[in-house]
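This one's a predicted model, so the numbers in the text were calculated from it and none came from an experiment.
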Amino acid sequence: MNQWQYYPRAIPCPTHLIDVIDIFRRHTQKIRSDRKKQSHSNAVLAVLARDLKLLNYRVETGKRREDKVTVPVLFGRNGEVEKSFDADAYNKNLNTVIEVEAARATSCNQFMKDLFQASMMEGIEYCVIAVRTKSKVSKDFEIVCKFIDTIYASNRLRLPLEGILIIGY
C-alpha cells in the first residue's frame with residue numbers, strides 16, 4: 001500500500017501533487033515494494049512514465065545524455081547553463097521535480113542528495129521523492145519522513161522549497 005507525507009505538515013498537499021500520488025496508487029500492484037522481488041528505481045519510473053507525461057512531466061527514459069532530464073542550477077556568460085542536475089521527472093510549469101529511489105534511498109542517503117539538488121535547481125518549488133515503503137533491510141519511507149520531520153521541527157535549516165512530498169511505494 002502506498003503512503004505519502006507532505007511537508008510542511010501545516011498546509012494541505014497541493015492538487016498537482018495529489019495527481020502524482022494518484023499515479024502511484026494506480027500502479028501499486030506493479031511497483032509495490034513489499035514483494036519478494038523488488039523493482040529497481042528505473043523499472044518503477046518506467047511504469048509511471050506514461051501517466052507522468054500525461055501531466056506534462058518530462059521523464060528520464062535512459063542513461064544516455066539525450067535520455068536524461070536536466071534542470072539548470074547555474075548560469076554563466078551569455079546566459080549559458082554552466083551547471084545542471086538530472087531529475088527523474090520535471091514539470092517546468094509546475095516547478096516540480098520527481099525522484100524515484102529504490103535500494104540506495106536510505107542506505108546511501110540518496111534521498112538527501114535528491115533534496116539538496118532540488119533545492120539548488122533554478123525555479124523549483126516542489127520536490128517529490130518516492131522511496132520504498134519497506135525494503136529488504138529497512139523501512140525507507142519511515143526513515144525519510146523522520147529525517148524531513150527533524151528538518152522542519154528543528155527550524156535550523158530553511159529549505160528554499162514551497163513543499164516536499166515523500167511517497168512510499
So, taking the atom named NZ in Lys139 and the one named SG in Cys145, what distance separates them when rounded to the nearest 0.5 Å?
13.0 Å
When you compare the side chain of Phe85 with that of Met120, does any pair of heavy atoms fall below 4.5 Å?
yes
Within this structure, what is the CD1-OG1 distance for the pair Ile21 and Thr15, rounded to the nearest 0.5 Å?
10.5 Å
Check whether Ser119 reaches the backbone of Leu159 with its side chain - one donor and one acceptor, N or O, closer than 3.5 Å.
no
Is there a chain of hydrophobic side chains (I, L, V, M, F, W, Y, each step under 4.5 Å between heavy atoms) that links Ile124 to Leu17?
no
Would you compute the distance between atom CZ of Arg26 and atom OG1 of Thr28 and round it to the nearest 0.5 angstrom?
10.5 Å
With a 4.5 Å cut-off on side-chain heavy atoms, are Arg32 and Gln29 touching?
yes
Given the rule in the side-chain contact (heavy atoms from CB on, under 4.5 Å) test, do Tyr169 and Gln3 qualify, once you have shown the distances and angles that lead to the verdict?
CA-CA 7 Å; Tyr169 64 88; Gln3 298 182 55; over 6 Å; no
Would a 4.5 Å heavy-atom cut-off, applied to side chains only, mark Tyr6 and Ile11 as touching?
yes
Test Asn91 against Thr96 for side-chain hydrogen bond (donor to acceptor under 3.5 Å, both in side chains), laying out the working first.
CA-CA 5 Å; Asn91 185 314; Thr96 302; over 6 Å; no
Side chains of Phe147 and Met112: closer than 4.5 Å at any heavy-atom pair?
yes
Do Tyr126 and His16 make a side-chain contact, defined as non-hydrogen atoms from C-beta onward lying under 4.5 Å apart?
yes
With hydrophobic residues grouped by side-chain heavy-atom distances under 4.5 Å, do Met121 and Phe111 end up in a single group?
yes
In sequence, state the C-alpha distance, the side-chain angles, and the governing distance for Ile143 and Val131, and then conclude on side-chain contact (heavy atoms from CB on, under 4.5 Å).
CA-CA 10 Å; Ile143 291 168; Val131 299; over 6 Å; no
Student check: side-chain heavy atoms of Val128 and Ile167 closer than 4.5 Å
yes
Under the side-chain contact (heavy atoms from CB on, under 4.5 Å) criterion, do Val97 and Asp114 qualify, and how do the steps go?
CA-CA 10 Å; Val97 293; Asp114 295 338; over 6 Å; no
With heavy-atom distances below 4.5 Å as the criterion, would you say the side chains of Asp149 and Arg9 are in contact?
yes
When you measure from the side chain of Asn2 to the backbone N and O of Phe24, does any donor-acceptor pair fall under 3.5 Å?
yes
Are any non-hydrogen side-chain atoms of Glu60 and Asn42 less than 4.5 angstrom apart?
yes
Kindly determine whether Leu94 and Glu125 satisfy side-chain contact (heavy atoms from CB on, under 4.5 Å), including the steps that lead there.
CA-CA 8 Å; Leu94 297 174; Glu125 297 175 0; over 6 Å; no
Hphob cluster co-occupancy, Ile148 + Trp4, side-chain heavy atoms under 4.5 angstrom
no
Judged by atom type as modelled, is there a donor-acceptor pair below 3.5 Å linking the side chain of Asp51 to the main-chain atoms of Ile23?
no
Among Ile31, Ile98, Val59, exactly one meets side chain to side chain contact (heavy atoms under 4.5 Å, CB included) together with Leu45. Which residue is that?
Val59
Does the Arg132 side chain pair with the main chain of Ser39, one donor and one acceptor, at a distance under 3.5 Å?
yes
Any chance you could measure Lys146, atom NZ, to Gln5, atom CD, to the nearest 0.5 Å?
11.0 Å
Quick one: do Ile18 and Ile164 end up in the same hydrophobic cluster if we chain Ile, Leu, Val, Met, Phe, Trp and Tyr together by side-chain heavy atoms under 4.5 Å apart?
no
Show the nearest heavy-atom pair for residues Asp140 and Ala105, with the distance to one decimal.
OD2-CB, 4.0 Å
Are the side chain of Tyr7 and the backbone of Ile151 linked by a donor-acceptor contact shorter than 3.5 Å?
no
Check the hydrophobic clustering (I, L, V, M, F, W, Y; side-chain heavy atoms under 4.5 Å; chains of links allowed) and say if Val69 and Leu48 are grouped together.
no
